[in-house]
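Read the structure below first, then the notes.
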Amino acid sequence: EGNNVLALQWFGCGYDSGDAAISTVRTTGNPNLGLVRSSLYFHGCGGSNVPVFYEFTGFGSCQISGGRYETGGTFLTAGTGTTAPLAVSVDGVECEAFTTNIWATLNGAVSLSVKGSHIGPVYGAQATSAFITLLGASGTYGTLVVQGCNIAAVDPFVTLTSGAWDISVA
C-alpha cells in the first residue's frame, strides 16, 4: 500500500481466481481513501474465474486496454461515492461469460469511457438493465461514455440509482 502511485504499468498479465484481480482498496486506515493517486495502466491483460477483475477507489486515472476476460463476476467497480475524481478508460477489451448481470458499478465522481469493446454475459444471453449501475451521493457528478461497442444487454443497459450522471452512448 502506498499513496501517490505514479504511472504503474502491467503488460500481458493474467488473473485466475481470487477475490479481486486488481484492487486499490486500502486494507488499513480509511478504505474510502483508496490507493489510486495518479495513474495505473493495464495493457493486454485478461483472466477468468475472478469475482471482481478491477476494483478502483481513490482518485486519479486508470486505463485498461486490450485483453480478454471471461467467467468472472463483475469487471469493474469504481469510486467511493465521494467527490474525489476518478477517470477510468476501457478500450478494446473482450468480456464474455460473466456470471452476474452487473459488468460495472460506478459510485461517485467517476468518469468511465468504454470504446471498441465486446461485452456480454453468459454466451448467447443478454444482460439486464443493471449491466452498468450508476450510484452517487448528493453533490457527486459522474460521466459514462460508451462508443463503438458490441454490448449483449437489454436496452437500456444502464441503471441510474442515485447521483447526477452525464451518459453518452454512440
Side-chain angles (χ1 to χ4, degrees), residues 5 7-25 34-36 38-79 85-135 142-159 165-170:
V5 178
L8 294 179
Q9 302 175 45
W10 289 259
F11 293 91
C13 47
Y15 318 117
D16 185 26
S17 304
D19 293 334
I22 297 293
S23 177
T24 63
V25 175
L35 299 176
V36 176
S38 190
S39 52
L40 304 175
Y41 301 93
F42 305 89
H43 302 283
C45 297
S48 61
N49 303 309
V50 178
V52 178
F53 281 99
Y54 295 98
E55 182 178 40
F56 298 135
T57 60
F59 58 91
S61 62
C62 305
Q63 181 185 45
I64 303 165
S65 63
R68 178 172 169 76
Y69 303 85
E70 60 184 21
T71 60
T74 299
F75 180 74
L76 171 69
T77 63
L86 173 62
V88 180
S89 173
V90 177
D91 299 307
V93 302
E94 182 177 359
C95 296
E96 279 285 353
F98 275 59
T99 57
T100 69
N101 273 325
I102 301 174
W103 183 75
T105 299
L106 311 179
N107 187 3
V110 177
S111 172
L112 173 62
S113 171
V114 185
K115 296 182 180 178
S117 297
H118 171 75
I119 303 165
V122 177
Y123 297 111
Q126 283 193 331
T128 65
S129 61
F131 199 54
I132 297 177
T133 302
L134 307 177
L135 309 165
T143 303
L144 171 65
V145 175
V146 179
Q147 184 178 6
C149 294
N150 175 7
I151 299 178
V154 298
D155 187 19
F157 58 88
V158 175
T159 298
W165 289 86
D166 181 17
I167 302 170
S168 173
V169 178

Residues Val169, Phe157; criterion side chain to side chain contact (heavy atoms under 4.5 Å, CB included); working and verdict: CA-CA 10 Å; Val169 178; Phe157 58 88; 4.1 Å; yes
Ignoring hydrogens, what is the shortest heavy-atom contact between [X] and [Y]? Give both atom names and the distance.
X      : Y      : answer
Ala152 : Gly120 : CB-CA, 4.0 Å
Asn107 : Val110 : O-CG2, 3.8 Å
His43  : Ser65  : ND1-OG, 2.7 Å
Cys45  : Gly12  : SG-N, 4.3 Å
Tyr69  : Gly67  : CE1-C, 4.0 Å

Mind checking whether [X] and [Y] have side chains closer than 4.5 Å, heavy atoms only?
X      : Y      : value
Val145 : Ser111 : no
Phe56  : Ile22  : yes
Phe53  : Ile64  : no
Glu94  : Glu70  : no
Leu106 : Leu76  : yes
Val114 : Phe75  : no
Tyr54  : Val88  : no
Val158 : Trp165 : no

Nearest 0.5 Å, please: how far is [atom2] in [Y] from [atom1] in [X]?
X      : Y      : atom1 : atom2 : result
Ser168 : Leu144 : OG    : CG    : 8.5 Å
Ser48  : Tyr15  : OG    : OH    : 12.5 Å
Cys95  : Asn150 : SG    : CG    : 11.5 Å
Gln63  : Gln9   : CD    : CD    : 9.5 Å
Gln147 : Ser113 : CD    : OG    : 7.0 Å
Leu8   : Leu40  : CG    : CG    : 6.0 Å

Do Asp91 and Ser89 meet the criterion of a side-chain donor-acceptor pair at a distance under 3.5 Å?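 Yes - a donor-acceptor pair under 3.5 Å links their side chains.
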Name the residue from Ile119, Val154, Ile102, Thr159 that meets the side chain to side chain contact (heavy atoms under 4.5 Å, CB included) definition with Phe131.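 Single side chain to side chain contact (heavy atoms under 4.5 Å, CB included) partner of Phe131 among Ile119, Val154, Ile102, Thr159: Ile119.
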